[in-house]
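Structure first, then comments.
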Amino acid sequence: MNILELSIRCLVRKRAKTILLLSIVFVTACFIYAGWACKSANVQTQTEGKQALGASFRMEENEADRHDRTAEAIEKLGGQNGSVDGSHIEQLESGDWMIWHDNSFETLQMEDIETLAGQEGIAEYNVTTANIVVNPVNFVRIEDPDVDQHSDLLGVSLRGNMEMRLDFDVQNGNIEVNEGRMITAEDKDVCVISRELAELNGLTVGDKLEFNDRKECETSKVYSAEIVGIYDTVHKITPIMYGDSYRSENIIMTDLRFPEKPQGCEGDPLYQYATFWVENVDEYETVKERIRKADIDWKRYDFLDNTGMSDTMAANFGDLDEMSTIILILVAVSGAVIIFLVFLFWLKGRVHEIGIFLAIGKGKAAIIAQMILEGILIGCVSFTLATVCAPSLSKSVADYLVGYQVQQQEEQREAEEGMTGGAGVAEYETKVMGVKTEVTGKIVLLSACSVLGVILAAVSSSCIFVVIQKPKEILSKMG
């Protein structure tokens, strides 16, 4: 009788212990599956007011990755004043630390934008800068006389576009250019201003506006931009921050590379959004999948579809990736310990059987190999059953972890609001719409290897009972 037949007969004969082991390995395998699936999950979020337009996609910076890169910069500087990778850290006289980032740290990478724009099915794309507040030199801005300007930046906002006709507010119908024209990709040092700003300063198409760095108004270089159009506000543009510097009438549209100049960062642009339009609406989902396979640093970005939905990888959603890793480790370790204890108990009850094997000349290695094979057979059955249950269990675990993360983020946001008094950026409400987990071939392979590793570690360790005792000692216990 070969080793496989012996293993099967032993498992069938000791049904109670076999079922116990089967159950333990099954539960272990299920949660190992869930751990691997959660690590590669996609968290679907929807941000109110941040939808892309029509059959389009929008790329923007991922906040979690930004936080991670900031932490890496702090670690590299080792608690010292300095600059690294676009991050600047300085200890104030009060002892507090101040950290700020230059445009190279915050901006979307143009090479990544162009990679996505070159994908099959993309008809056109636009790049939009952040709203940069600069000092108006030869004109005055619009201010609310009833508002204290002490905390305001006392400037106007410049927003650059590759193609102004593709700007978010133009596409949404918030503004219309009824005098002059819009800015194109070929333009340089041009702008389009609001009707209110033009009337306040007596400006017309062809006039030039001058700007410089608001932080060094008296000494910084002055840059000029020619007015090529005047826009009318159809619907009020929601300001991204509080203060007259960001009010709708003080937003000045420019060509893509102009805002960085009066900001004092010429050659270091700050691209905030990139929007991509699909050529054929019927192929929207196909193009979306094609884009997601593009070779760029996806961890750095959020990618929103035309409903505001964003598939965020687990590694970018709070601590979901880290929590999944912890689950894997805890399940693997606890599973190995429990299986080890059960097998050890089982082996001590099989002294008579082991003694007979030794008496007929069977070596310790062959006995241990049989025990390991029994564990593997139990693992195969348990793993097959776990594979059937894996999709639903993985989804349940991922939903729970994401719910926990959302609650933690909400508590953190409320705490921060309490510290700042609610001032600052006007936040959009982001909702988790769902979690997508897939049990792919890779996850099956990783889970199988993990379960096999747990079984081999547990069974091999439990067989120390056989290894450390001499044949005579085992045979003596038979009586």
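Note that these values count all heavy atoms, side chains included, but never hydrogens, waters or copies made by symmetry.
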Point to revise | Electrostatic pair R141-E143, nearest N-O below 4.0 angstrom | key: yes
Review point. Are I227 and T204 side-chain neighbours, meaning at least one heavy-atom pair lies under 4.5 Å?
Key: no
Practice item. To the nearest 0.5 Å, tell me how far R300 CZ sits from E60 CD. Key: 13.5 Å
Review point. Got a second to check how far T275's OG1 is from Q171's CD, nearest 0.5 Å?
Key: 8.5 Å
Check your understanding: When you check the gap from the basic side-chain N to the acidic O, do R69 and E106 get nearer than 4.0 Å?
Key -> no
**Study point:** Side-chain donor or acceptor of R290 paired with backbone N/O of Q119 under 3.5 Å
**Key:** no
Review point. So, the side chain of T107 versus the backbone of S104: is there a donor-acceptor pair under 3.5 Å, distance only?
Key: no
**Study point:** Cationic N near anionic O, under 4.0 Å, R66 to E63
**Key:** yes
**Study point:** Set of residues satisfying ring-ring contact (aromatic ring centres under 6.0 Å, His included) with respect to F139, sequence neighbours excluded
**Key:** F211
Check your understanding: Looking at E279 and A123, what are the two nearest heavy atoms and their distance?
Key -> CA-CB, 3.7 Å
Point to revise | CD1-CG distance between I24 and L22, expressed to the nearest 0.5 angstrom | key: 10.0 Å
**Study point:** D169 and N174: side chain donor to acceptor below 3.5 Å
**Key:** yes
Review point. Is the backbone N or O of G95 less than 3.5 Å from a side-chain atom of Q91, with the two atoms forming a donor-acceptor pair by type?
Key: yes
Check your understanding: Hey, are E114 and Y125 close enough side-chain-wise for a donor-acceptor pair under 3.5 Å?
Key -> no
Exercise for review: Could you grab the distance from atom CD of E61 to atom CD of Q272, nearest 0.5 Å is fine?
Suggested key: 8.5 Å
Review point. For residues Q263 and D268, is any side-chain donor paired with an opposing acceptor at under 3.5 Å?
Key: no
Point to revise | Whether over 12 other heavy atoms sit under 6.0 Å from Y231 OH | key: yes
Check your understanding: So which heavy atom on Y273 is nearest to which on L108, and how close?
Key -> C-CD1, 3.6 Å
Review point. How long is the span from the CZ atom in F258 to the CD atom in E260, to the nearest 0.5 Å?
Key: 10.0 Å
Point to revise | Cation-aromatic face contact R58/Y301, 6.0 Å, 45 degrees | key: no
Check your understanding: Are any of the side-chain heavy atoms of I291 and F303 separated by less than 4.5 Å?
Key -> yes
Exercise for review: Determine yes or no for a side-chain-to-main-chain donor-acceptor pair under 3.5 angstrom, with N135 supplying the side chain and G155 the backbone.
Suggested key: no
Check your understanding: For the side chain of N138 and the backbone of K208, is there at least one donor-acceptor N/O pair under 3.5 Å apart?
Key -> yes
Practice item. For N131 and R159, indicate whether the former's side chain and the latter's backbone hold a donor-acceptor pair under 3.5 Å. Key: no
Check your understanding: With a 4.5 Å limit on heavy-atom distance, are the side chains of V133 and Y246 in contact?
Key -> yes
Point to revise | C191 versus I252, closest heavy-atom pair with distance | key: CB-CG2, 3.7 Å
Check your understanding: Does atom CG of D295 have more than 12 heavy-atom neighbours from other groups under 6.0 Å away?
Key -> no
Review point. Please, which pairs that meet salt bridge (charged side-chain N to carboxylate O under 4.0 Å, His left out) have at least one residue in residues 70-84, sequence neighbours excluded?
Key: K76-D85
Point to revise | Shortest non-hydrogen contact between G264 and D213, atoms and distance | key: CA-OD2, 4.5 Å
Exercise for review: Tell me yes or no: between the side chains of D152 and S245, is some donor less than 3.5 Å from an acceptor?
Suggested key: yes
Practice item. State the OG1-CG distance between T129 and L158, to the nearest 0.5 angstrom. Key: 8.0 Å
Exercise for review: Give the C-alpha distance, both sets of side-chain angles, the deciding distance and a yes or no for side-chain contact (heavy atoms from CB on, under 4.5 Å) between I122 and L116.
Suggested key: CA-CA 8 Å; I122 296 298; L116 297 190; over 6 Å; no
Check your understanding: What do the steps show when you test I74 against I89 for side-chain contact (heavy atoms from CB on, under 4.5 Å), and what is the final call?
Key -> CA-CA 8 Å; I74 294 173; I89 301 174; 3.6 Å; yes
Practice item. Please examine the side chains of D68 and K299, heavy atoms only from C-beta on, and report whether any two atoms are closer than 4.5 Å. Key: yes
Study note, to complete from the structure: So the salt bridge (charged side-chain N to carboxylate O under 4.0 Å, His left out) pairs with at least one residue in residues 240-249 (sequence neighbours excluded) are K236-E249, D244-R247, R247-E249
Point to revise | Worked check of side-chain contact (heavy atoms from CB on, under 4.5 Å) between I376 and L452 | key: CA-CA 7 Å; I376 293 175; L452 180 62; 4.2 Å; yes
Practice item. Kindly give the heavy-atom pair with the smallest separation between N103 and P269, and that separation in Å. Key: CB-O, 3.4 Å
Point to revise | Residue pairs passing the salt bridge (charged side-chain N to carboxylate O under 4.0 Å, His left out) test where at least one lies in residues 187-205, sequence neighbours excluded | key: E179-R195, R181-D187, D189-K261, R195-D232
Check your understanding: Strictly by modelled atom types, are N161 and T128 linked by a side-chain donor-acceptor pair under 3.5 Å?
Key -> yes
Check your understanding: Would you call E163 and T184 a side-chain contact if the rule is heavy atoms closer than 4.5 Å?
Key -> yes
**Study point:** Pairing residues for F383 by the ring-ring contact (aromatic ring centres under 6.0 Å, His included) criterion, not counting sequence neighbours
**Key:** Y33
Point to revise | Any side-chain donor near an acceptor of the partner, N212 and S220, under 3.5 Å | key: yes
Check your understanding: Under a 4.5 Å cut-off applied to non-hydrogen side-chain atoms, are L330 and I326 in contact?
Key -> yes
**Study point:** Basic-acidic side-chain contact under 4.0 Å: K221, E216
**Key:** no
Review point. Any side-chain heavy atom of V287 within less than 4.5 Å of one from F276?
Key: no
**Study point:** Note, V25 side chain near I455 side chain (heavy atom, < 4.5 Å)
**Key:** yes
Point to revise | Exam field: side chain T28 to backbone G335, donor-acceptor pair closer than 3.5 Å | key: no
Practice item. List the steps and the verdict of side-chain contact (heavy atoms from CB on, under 4.5 Å) for L304 and M59. Key: CA-CA 6 Å; L304 286 76; M59 181 169 72; over 6 Å; no
Practice item. May I ask you to check whether over 12 heavy atoms, not counting those of E111, lie within 6.0 Å of atom CD? Key: yes
Check your understanding: What residues, two or more places apart in sequence or in another chain, satisfy ring-ring contact (aromatic ring centres under 6.0 Å, His included) together with H88?
Key -> W100
**Study point:** Residue pair N126 / D167: nearest heavy atoms and the distance that separates them
**Key:** ND2-N, 3.9 Å
Exercise for review: Let me see the working for W277 and F57 under ring-ring contact (aromatic ring centres under 6.0 Å, His included), right down to the final yes or no.
Suggested key: CA-CA 7 Å; W277 277 263; F57 308 100; over 10 Å; no
